[in-house]
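Heavy-atom basis, side chains included; hydrogens, waters and symmetry copies ignored. Below, read A as the first sequence line, B as the second, and so on, with proteins coming before strands; counting in each chain starts at 1.
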2 protein chains.
Amino acid sequence: MGRLQRELRQNRPFQSTAHEAVVGLIRTADLVRRHMTALVEPHGITLQQFNVLRILRGADTEARDGVPTLEIADRMIEQTPGVTRLLDRLEAKELVRRQRCPKDRRQHLCWITPKGLALLQKLDEATLRSHEDSMKGLKTKDRATFIRLMEAIRAPHQ
Amino acid sequence: MGRLQRELRQNRPFQSTAHEAVVGLIRTADLVRRHMTALVEPHGITLQQFNVLRILRGADTEARDGVPTLEIADRMIEQTPGVTRLLDRLEAKELVRRQRCPKDRRQHLCWITPKGLALLQKLDEATLRSHEDSMKGLKTKDRATFIRLMEAIRAPHQ
DNA sequence: TGTCAATAGTTGATATGTCAAGTATTGGTA
DNA sequence: TACCAATACTTGACATATCAACTATTGACA
């Protein structure tokens, strides 16, 4: 009887290896997600808001143009409808600034504020440690394999 | 430049292999989750409700005792506060039946109804195919490796 | 130049998730 | 046997997610 089966207290084996992989994947991601969430939420932001801030910081260091709303949506780690409201909340907390794009007035460009940058900076070290902690069960070589396998999973889906 | 980095349109490498693994994991799980969600939601249930039904079916085939609410919570693939309301909705749809346990009146025991069983049965084949489709990027041997690596990730966290 | 589909985002309605505080019941202990 | 902490939920209040319908603006084409 496999480890995962025991974890879920099931007494029937998985229907297929694919099934076991899917369940394991969702379960493992949930674990790591909660890990990260526990880190950022005490600072008054959700994991998705944190992700938006990181996208904006990344964009900020290379160009001052601001990122249009839908491009943020596109870059999110997890697909997220409702980026508008995510940004509303970040703007209310003064972590993000928005402005209508003069060249294409349909677009709203977004920037991270100094306050947002400061928050990220405060979290940087802990984030690094959290990633290490999440993956401490894998040695360096296994991590590379793991990353490669996940890329192979995603590849056929666009 | 790695594949994931391109996917997220980043121009800066990941801070560490652990970081890349974490981001890849959450992203891959999100993909597979949406896959499954697209399958079950047209039938009027969420992925978590589907998960509850599968737990109850699994329990049903081996014992007729019914499963207490908190044990369902415990068996969920993803940690879920608010199983009570999940069950409320399932009961409203008559997919689940609940009853106070006579031996310990604090507990509420849950069963899947014939209607719930029928719904699961209708979804069984498509679910199987969905798992295969999600994992089609991995060959059999790689699937086993993948499962093993994820177990190694989870092991140190309890 | 006027029309119109396509793009970029917003908004409203509703479902769902989440946390803290509350109730009922039990089992242990003085 | 009376008390009290622990268990097993439930409920209320609030935040967030999701979908569809809507507005504003642009770019292409007749």
- Message: Going by salt bridge (Lys or Arg N to Asp or Glu O under 4.0 Å), name the pairs with one or both residues in residues 33-44 of chain A, residues two or more places apart or in two chains.
- Response: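 Output for this query lists A:Asp30-A:Arg34, A:Arg33-A:Glu78.
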- Any salt bridge (Lys or Arg N to Asp or Glu O under 4.0 Å) pairs touching residues 116-131 of chain A, not counting sequence neighbours?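 The answer is A:Arg57-A:Asp124.
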- Residue list, side chain to side chain contact (heavy atoms under 4.5 Å, CB included) with B:Arg105, at least two apart or on another chain: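 Partners of B:Arg105 under the side chain to side chain contact (heavy atoms under 4.5 Å, CB included) test: B:Arg100.
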- Take A:Cys101 and A:Leu86, find for each the nucleotide of DNA chain D with the closest heavy atom, and name the residue whose nucleotide sits nearer the 5' end.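 The answer here is A:Leu86.
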- Message: At a heavy-atom distance below 4.0 Å, what parts of residues 29-51 of chain B sit against DNA chain C?
- Response: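 Of all residues in residues 29-51 of chain B, the ones placing a heavy atom under 4.0 Å from DNA chain C are B:Thr46, B:Gln48.
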- Query: Below 4.0 angstrom from OP1 or OP2 of D:dC14, is there any side-chain N or O of A:Arg89?
  - Reply: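 Checking D:dC14 against A:Arg89, no side-chain N or O comes under 4.0 Å of OP1 or OP2.
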- Query: Can a side chain N or O of B:Arg100 be found less than 4.0 Å away from OP1 or OP2 on C:dA24?
  - Reply: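 Answer no for this pair, as no side-chain N or O of B:Arg100 is under 4.0 Å from OP1 or OP2.
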- Message: Suppose the criterion is ring pair (Phe, Tyr, Trp, His ring centres under 6.0 Å): which pairs have a residue in residues 72-109 of chain B, not counting sequence neighbours?
- Response: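 Found none.
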Rounded to the nearest Å, what distance is computed from the [atom1] atom of residue [X] to the [atom2] atom of nucleotide [N]?
{"X": "B:Arg105", "N": "D:dA8", "atom1": "CZ", "atom2": "C1'", "value": "13 Å"}
{"X": "A:Met76", "N": "D:dT16", "atom1": "CE", "atom2": "P", "value": "13 Å"}
{"X": "B:Gln99", "N": "D:dT10", "atom1": "CD", "atom2": "C1'", "value": "18 Å"}
{"X": "B:Glu78", "N": "C:dT16", "atom1": "CD", "atom2": "P", "value": "15 Å"}

- Query: Near B:Lys139 NZ, under 6.0 Å, is it more than 12 heavy atoms from other residues, nucleotides or ligands?
  - Reply: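 Atom NZ in B:Lys139 is not packed in, count stays at 12 or less.
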Show each protein N/O and nucleotides 4-11 of chain C N/O combination with a separation under 3.5 Å, one pair to a line.
residue	atom	partner	partner atom	Å
C:dT7	O2	A:Arg106	NH1	3.0
C:dG9	OP1	A:Thr69	N	3.1
C:dG9	OP1	A:His108	N	3.1
C:dG9	OP2	A:Leu70	N	2.7
C:dT10	OP1	A:His108	ND1	2.9
C:dT10	OP2	A:Thr84	OG1	2.6

Quick one: side-chain hydrogen bond (donor to acceptor under 3.5 Å, both in side chains) partners of [X], sequence neighbours excluded?
{"X": "A:Thr80", "value": "A:Gln48"}
{"X": "B:Gln99", "value": "none"}
{"X": "A:Glu132", "value": "A:Arg143"}
{"X": "B:Arg98", "value": "B:Asp88, B:Glu91"}

- Of all residues at least two apart in sequence or in a different chain, which pass the ring-ring contact (aromatic ring centres under 6.0 Å, His included) check with B:His43?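 Here no residue qualifies.
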- Query: If an axis is fit to five pairs at each end of the helix from C:dT1-D:dA30 to C:dA30-D:dT1, what is the angle between the two, to the nearest 10°?
  - Reply: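 Axis angle across the helix from C:dT1-D:dA30 to C:dA30-D:dT1, nearest 10°: 0°.
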- Are B:Arg97 and B:Thr113 linked by a side-chain donor-acceptor pair shorter than 3.5 Å?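 Distance-only check fails for B:Arg97 and B:Thr113.
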